[in-house]
There are 2 protein chains.
Amino acid sequence: MKPNSESGSKRVKTVAGAGQGTIGKSSGNKEMLESCGIKLTRQRLDLLEQLKKADGPITAEQLFLNLREEAAAISLSTVYRILDAFELKGLVEKVVSADENKAIYELNRHEHGHHLICTQCKVRMTITGCPLAGYEEALARSTNYRITGHRLEVYGLCPKCQSELGML
Amino acid sequence: MKPNSESGSKRVKTVAGAGQGTIGKSSGNKEMLESCGIKLTRQRLDLLEQLKKADGPITAEQLFLNLREEAAAISLSTVYRILDAFELKGLVEKVVSADENKAIYELNRHEHGHHLICTQCKVRMTITGCPLAGYEEALARSTNYRITGHRLEVYGLCPKCQSELGML
DNA sequence: ATGCAAATGCGAATGATTCGCAACTAAAAT
DNA sequence: ATTTTAGTTGCGAATCATTCGCATTTGCAT
């Protein structure tokens with residue numbers, strides 16, 4: 001996919017300021033960023049808004065495309081940079097999936113959870129709660145490692161794909 | 001890293017056959033491949049040998065470099081292709097790690113396990129056994145997914161790094 | 001020995017992410 | 001309100017692991 005090669009916009013220079021009044025669509029965002037110590041920017045507000053709309057795991061490029069559809073001026077590199085910044089401040093969680101070669105981002109719910117991924121249609125749902133509660137301590141004892149975290153992805157067939165595949 | 005740009009070998013053409021007699025260093029390999037229905041090739045035997053030597057998770061490029069050191073003629077693309085083939089036949093397991101942007105391969109032990117990775121020095125140890133035994137069924141019931149698998153990585157500090165970091 | 005499908009080498013292509021740098025902008029200082 | 005300044009953005013080029021195309025070579029059955 002070559003996301004830059006659509007929507008004829010070449011240089012945005014003079015056009016770039018097009019959204020001065022647009023700042024703060026959903027007003028919580030402004031405070032949200034400020035409380036994280038993140039400088040306010042039209043792009044950052046737009047991206048945050050978009051993350052909320054997505055309401056779930058989403059890829060950097062999809063965020064970029066969604067923003068473009070709404071005529072929000074932003075570049076793909078900026079999307080990546082902002083996502084990095086957000087992650088650093090704990091605003092978003094970045095997940096590197098094993099079966100896709102791209103990173104997935106989602107607003108940090110601040111509750112530990114994992115993804116359940118349909119191997120057919122690739123939808124992911126976030127499952128909260130974690131089966132590894134006691135396990136880490138046991139592992140620490142048996143290995144002498146100091147356990148600091150883990151990553152778990154569960155794969156399966158979602159109900160829809162199960163029926164579409166004829167309950168094989 | 002640009003692995004092709006070392007060890008002056010440009011074209012291997014005439015040199016390529018250099019290992020006709022070399023087939024079967026460690027004699028189990030031949031049978032191992034045959035029983036998997038994999039065509040015998042000098043490169044495949046060499047790579048399998050190398051996987052055994054590595055005795056643990058290793059990256060495609062490292063395998064390639066190791067082979068080069070032993071003067072085994074092979075190209076990086078072939079390493080990838082063979083690893084794919086081996087994976088398809090269940091000979092190796094491919095692991096896409098979350099904190100490194102490269103794939104890791106290891107001989108398939110045919111016993112379910114996961115990796116414990118030191119976040120400092122990146123060593124990985126394979127931990128056999130799995131804490132998700134009952135969990136998958138429960139999850140299947142509560143989500144109506146048909147669970148088919150999972151991927152788990154545990155992170156921590158290995159004993160060595162703990163002491164080197166002064167038990168922070 | 002001979003032929004053909006499969007495997008290999010090489011370099012070029014891909015695709016996600018990052019980087020460099022000049023143009024911009026938010027917010028601090030005046 | 002204007003200037004300053006440090007941080008941000010856009011753009012295209014660079015990176016890096018992995019894959020592909022295609023001409024050449026090889027394993028192996030006939």
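Note on naming: letters A, B, ... go to the chains in the order of the sequence lines (proteins, then strands), and numbering restarts at 1 for each one.
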Undergrad: For A/E93, enumerate each residue passing the side chain to side chain contact (heavy atoms under 4.5 Å, CB included) test, keeping only those at least two apart in sequence or located in another chain.
TA: A/N108
Undergrad: Does a side chain donor of either B/N66 or B/Q62 reach within less than 3.5 Å of an acceptor in the other side chain?
TA: yes
Undergrad: Mind jotting down which residue pairs meet the side chain to side chain donor-acceptor pair (under 3.5 Å) criterion with at least one end in residues 134-143 of chain B? Sequence neighbours excluded, please.
TA: B/E136-B/H150
Undergrad: Looking at the rings of A/H110 and A/H112, which for Trp means the six-membered one, are their centres under 6.0 Å apart?
TA: no
Undergrad: Where do N or O atoms of nucleotides 18-21 of chain C meet protein N or O atoms at under 3.5 Å, pair by pair?
TA:
none

Undergrad: For D/dC11 and A/S75 - does any side-chain N or O of the residue sit under 4.0 Å from the phosphate oxygens OP1/OP2?
TA: no
Undergrad: So, OP1 or OP2 of D/dG10: does either fall under 4.0 Å of a side-chain N or O from A/Q43?
TA: yes
Undergrad: Check nucleotides 28-30 of chain C against the protein and report each pair of N or O atoms closer than 3.5 Å, with its distance, or say if there are none.
TA:
none

Undergrad: Would you tabulate the pairs of protein nitrogen or oxygen atoms and nucleotide nitrogen or oxygen atoms of nucleotides 3-6 of chain C closer than 3.5 angstrom?
TA:
from: C/dA6; atom 1: O4'; to: B/K39; atom 2: NZ; distance (Å): 3.3

Undergrad: If you compare all heavy atoms of A/H114 against all heavy atoms of A/C130, which two are closest, and at what distance to 0.1 Å?
TA: NE2-SG, 3.4 Å
Undergrad: Could you list the residues that satisfy side chain to side chain contact (heavy atoms under 4.5 Å, CB included) with B/K39, not counting sequence neighbours?
TA: B/R44
Undergrad: Report which part of the nucleic acid B/A103 touches: base, sugar-phosphate, or nothing (heavy-atom distance under 4.0 Å, all strands).
TA: sugar-phosphate
Undergrad: Compare side-chain N and O positions of B/T41 against OP1 and OP2 of D/dG27 and report whether any pair is under 4.0 Å apart.
TA: no
